[in-house]
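Labels below follow one simple rule: chain letters A, B, ... track the order of the sequence lines, proteins then strands, and each chain is numbered from 1.
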There are 2 protein chains.
Amino acid sequence: MTSISCETCPLRRKSFFRPFEEEQIDFLARFKSGELTVDPGTHILIEGSTAPQFYTVLDGMGLRYKTLENGRRQVINFLFPGDLVGLHAGLLGEMKHSVEATTAMRLCVFKRDDLWTLFRNQPSLAYDVTWITATEEHFLGETVATLGQRTGTQRVAWALLKVYQRLRALDIGKEGEVPLPYRQQDMADALGLSLVHTNKTLARLRERQLASWGEGRLRIPDVDTLAEVALADAALPDMRPLL
Amino acid sequence: MTSISCETCPLRRKSFFRPFEEEQIDFLARFKSGELTVDPGTHILIEGSTAPQFYTVLDGMGLRYKTLENGRRQVINFLFPGDLVGLHAGLLGEMKHSVEATTAMRLCVFKRDDLWTLFRNQPSLAYDVTWITATEEHFLGETVATLGQRTGTQRVAWALLKVYQRLRALDIGKEGEVPLPYRQQDMADALGLSLVHTNKTLARLRERQLASWGEGRLRIPDVDTLAEVALADAALPDMRPLL
DNA sequence: CGCAGTGTTGAAAATGGTCAAGAGGGGTGG
DNA sequence: CCACCCCTCTTGACCATTTTCAACACTGCG
């Protein structure tokens, strides 16, 4: 399996990612220390560890979660191509959550120590790192609002909508249908609902023809209607930088 | 009301904040464009606006919240001295939430446009900005886990503990007792609980002598026991940079 | 004095959780 | 090749945490 060069990275060509200057790409090419390919179910990062590396997701899907002292698991978010993974270990010294691959994944590997070089020599890339972190923070704020203020049905609708929009922005799947390889338990753990209630809520959304998720595929006949139910905005996410 | 100079900023002397190099302080002194003093109840930033400024809280307390389309309010977090406010407007172009002063507040004002200068000329400060944003993101991840996986009692205990620890790290209040000027409704909106249920849960925590909050003061007889109930870690937060 | 904002308490209603059981699919080993 | 097991999804019944509704006490303020 040969490593993909940053210059011709197929992910970067997607319109979801902001075009970079040649100088920035050159820097990233040197910054990149390798590629990691993992099987479904692999634990990529473990809470409490001090990983010497961090990653950008090139392909595949995963999830970021935290386990509480009572054994319950909170899925913090789902991971898609373009997401930065494990930056916390680089920035804060230790991982505050775990990361697991749901499908097979390919990740671009960076050395944690090079982060400081990036900040010193590439202010525009440093700005992008901060932008990504702030965007992530904003999304978590939305998630807090969802868990705090939305009903079960609204939560499930919101999550399906967000995932659909993100995948469509990446041009994955097609209009009205995207792959969604997670288990219902993952969604339940992400939304703070029980598995049983999540299942029944999904069944109701299917009946009402708002969203139909099964066999790894999510179908949304009418995004605007689902967005209404989700109490959310139907707009696609903004363009973002890709490290 | 004269403006405080960065060189002698009393907040910076607190042991909660990492000492800075003289060069960094000099830069910040030039970076600082003024001071803002507001009365309790003032809306400092409004969701959707494009503020040309962002702030560091020098004194007082406030809260950051978001209003959903159904009118419900989610308090995203409480704001204390040292917190950066409104960086989103600078980084992402527009505010994604609102900020309101609970007590009288004093804020250090920065011009949004200077942020880029900071990234270009002060990589170590840029790193600090990113560190703060990542820490904030981490905290929101904890909040998501709280709303998703903790029971009502655990949530309230967790919030009181976090607030207590943060204030103590700032050396506000004294061992076992800190000021807490928020309303029960604010706490309820932060935890995704109804006001009534929050009130009754607080009463039970008071009966059990775990935490007693009333008349603007929070008393915690035994932090470790409360931490157990909260399913949380009793450690004080790490030292952080102050912009 | 009356009013608005906050805190408190009781009772009824409901959303969501837990328990339990079964169906179906895919992999593995006998 | 079949049997068995494990994992995921599904559904029903019952339970409980939390919400909603309603009323009242207390305070500060115009």
Side-chain angles (χ1 to χ4, degrees), chain A residues 39-41 63 68 70-75 100 102-103 146-160 179-207 211-219 229 231, chain B residues 39-42 63 68 70-75 100-103 146-160 179-207 211-219 229 231:
Chain A
D39 289 330
L63 42 83
L68 271 75
N70 59 359
R72 301 185 56 135
R73 179 182 78 150
Q74 175 68 43
V75 170
E100 186 177 325
T102 298
T103 67
T146 295
L147 300 200
Q149 309 301 335
R150 277 182 247 251
T151 66
T153 307
Q154 291 166 347
R155 287 190 218 189
V156 174
W158 179 85
L160 295 179
L180 196 62
Y182 301 96
R183 295 165 305 157
Q184 292 185 356
Q185 183 72 65
D186 298 325
M187 182 62 72
D189 288 348
L191 295 175
L193 297 171
S194 71
L195 170 61
V196 173
H197 197 250
T198 303
N199 177 291
K200 288 173 181 172
T201 305
L202 283 168
R204 278 193 298 273
L205 288 178
R206 206 176 300 133
E207 269 172 36
S212 160
W213 176 29
E215 288 148 33
R217 283 179 322 190
L218 168 63
R219 260 170 288 197
V229 171
L231 236 49
Chain B
D39 290 330
T42 307
L63 43 82
L68 271 75
N70 59 0
R72 300 184 57 134
R73 178 183 79 151
Q74 175 68 43
V75 169
E100 186 178 324
T102 297
T103 66
T146 295
L147 300 201
Q149 309 301 333
R150 278 182 246 251
T151 65
T153 306
Q154 290 166 346
R155 287 190 218 188
V156 174
W158 178 86
L160 295 179
L180 196 62
Y182 300 97
R183 295 165 305 158
Q184 292 185 355
Q185 182 72 65
D186 297 325
M187 183 61 73
D189 288 348
L191 296 175
L193 296 172
S194 70
L195 170 62
V196 172
H197 196 248
T198 302
N199 177 290
K200 289 173 180 171
T201 304
L202 283 167
R204 277 192 300 272
L205 288 177
R206 205 177 302 134
E207 268 172 38
S212 160
W213 176 29
E215 289 149 33
R217 283 179 322 191
L218 167 64
R219 260 169 287 197
V229 171
L231 235 49

> Expressed in angstrom and rounded to an integer, what is the separation of A/Gln185 atom CD from D/dC6 atom C1'?
Replying inline: 15 Å

> Given side chains that start at C-beta, do those of A/Leu195 and A/Arg183 come closer than 4.5 Å, heavy atoms only?
Replying inline: no

> In whole angstrom, what separates B/Leu195's CG from D/dA22's P?
Replying inline: 16 Å

>> Over all strands shown, is B/Gly41 touching base, sugar-phosphate only, or nothing at heavy-atom distances under 4.0 angstrom?
In response: nothing

> Roughly, in whole Å, what's the span from CZ in B/Arg150 to C1' in D/dT17?
Replying inline: 18 Å

> Just wondering, do A/Leu191 and A/Thr198 contact through their side chains at under 4.5 Å, heavy atoms?
Replying inline: no

> Among the nucleotides D/dC9, D/dT11, D/dT20, which one has an atom lying closest to any side-chain atom of A/Ala203?
Replying inline: D/dT11

>> How close do A/Ala190 and A/Leu147 get, counting heavy atoms only, and between which atoms?
In response: O-CD2, 4.0 Å

> Do A/Leu63 and A/Asp189 have side-chain heavy atoms sitting under 4.5 Å apart?
Replying inline: no

>> Regarding A/Gly216, tell me which of base, sugar-phosphate or nothing describes its non-hydrogen contacts under 4.0 Å with the strands shown.
In response: nothing

> Within this structure, what is the CZ-to-C1' distance between A/Arg183 and D/dC6, rounded to whole angstrom?
Replying inline: 13 Å

> Starting at NZ of A/Lys200 and ending at P of D/dC14, how long is that distance when rounded to a whole Å?
Replying inline: 12 Å

> What is the nucleic acid contact for A/Arg206, judged by heavy atoms within less than 4.0 Å: base, sugar-phosphate only, or nothing?
Replying inline: sugar-phosphate

> Rounded to whole angstrom units, what separation is found between the CZ atom of A/Arg204 and the P atom of D/dC9?
Replying inline: 17 Å

>> Under 4.0 Å, heavy atoms only, any strand: does A/Thr201 hit a base, just the sugar-phosphate, or nothing?
In response: nothing

>> For a 4.5 angstrom cut-off between non-hydrogen side-chain atoms, does A/Asp186 reach A/Glu100?
In response: no

> Does a side-chain N or O from A/Asn199 land closer than 4.0 Å to OP1 or OP2 of D/dT10, or not?
Replying inline: yes

> Does any non-hydrogen side-chain atom of B/Leu160 lie less than 4.5 Å from one of B/Leu180?
Replying inline: yes

> Mind checking which nucleotides bracket the chain A contacts on DNA chain C, 5' to 3', with an atom under 4.0 Å from a heavy atom?
Replying inline: C/dG16 to C/dC19

> Can you check whether B/Gln149 reaches A/Asn70 side chain to side chain, under 4.5 Å on heavy atoms?
Replying inline: no

